[in-house]
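All remarks here apply to the structure that follows.
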Amino acid sequence: MIIIDLTPFRCPLPLVKVKLALKQLSAGDSISVVLSDPGSRQDVPRYLKKIGLSHTVQEDTTSILSIIVTK
């Protein structure tokens with residue numbers, strides 16, 4: 001599984017990087033995404049729901065959101 005650590009980046013860059021990573025995935029593949037920016041922590045899951053992809057929360061603290069996305 002590919003892990004994408006986007007904690008150093010601020011909105012909107014994490015969303016852009018997630019979109020690019022999703023384009024490279026085949027059906028059934030998964031990626032782990034780690035976010036820290038408050039805006040991105042809301043935007044990325046909202047975008048995934050909008051395009052019909054499910055995600056599973058691995059960690060959700062005040063500073064980190066870690067999710068697994070399966071295409």
Side-chain angles (χ1 to χ4, degrees):
M1 178 182 325
I2 299 170
I3 299 172
I4 303 174
D5 181 3
L6 299 172
T7 56
F9 303 106
R10 300 292 167 240
C11 201
L13 195 55
L15 181 59
V16 172
K17 289 186 175 276
V18 168
K19 287 180 179 182
L20 291 173
L22 290 173
K23 286 183 180 182
Q24 297 178 9
L25 291 182
S26 299
D29 287 348
S30 298
I31 57 172
S32 176
V33 179
V34 184
L35 304 160
S36 64
D37 177 60
S40 298
R41 291 175 57 148
Q42 294 176 10
D43 292 346
V44 171
R46 188 178 307 139
Y47 171 73
L48 295 171
K49 183 177 180 180
K50 179 181 174 182
I51 64 169
L53 291 180
S54 63
H55 67 278
T56 305
V57 176
Q58 282 186 305
E59 180 182 355
D60 188 2
T61 65
T62 55
S63 59
I64 297 290
L65 174 64
S66 177
I67 59 175
I68 295 178
V69 183
T70 304
K71 189 168 184 180

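In this chain, numbering begins with 1 at the start of the sequence shown. Please read all numbers here as calculations on a predicted model, not as lab measurements.
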- Query: Just wondering, are more than 12 heavy atoms of other shown residues or ligands nearer than 6.0 Å to CD1 in I3?
  - Reply: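 Incorrect, the count does not exceed 12.
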- Among side-chain atoms of Q58 and S66, is any donor-acceptor pair under 3.5 angstrom?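 S66 and Q58 do have a side-chain donor-acceptor pair below 3.5 Å.
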- Under 3.5 Å, is there a donor-acceptor pair between the S63 and S36 side chains? no
Please report the shortest heavy-atom distance between [X] and [Y], naming the atom on each side.
| X | Y | value |
| --- | --- | --- |
| L13 | F9 | CD2-CD2, 3.3 Å |
| I68 | S30 | CG2-CB, 4.1 Å |
| V69 | H55 | CG2-CB, 4.2 Å |
| C11 | G39 | SG-C, 4.4 Å |

Side chain proximity check, [X] to [Y], heavy atoms < 4.5 angstrom:
| X | Y | result |
| --- | --- | --- |
| V34 | L65 | no |
| I4 | V18 | no |
| L35 | V44 | yes |
| I2 | D29 | no |

- Message: I'd like to know if the side chain of K71 and the backbone of L25 have a donor-acceptor N/O pair within less than 3.5 Å.
- Response: yes
- Message: If we ignore hydrogens and angles and just use 3.5 Å, is the side chain of T61 paired with the main-chain N or O of I64 as donor and acceptor?
- Response: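 Checking the backbone N and O of I64 against the side chain of T61, a donor-acceptor pair under 3.5 Å is found.
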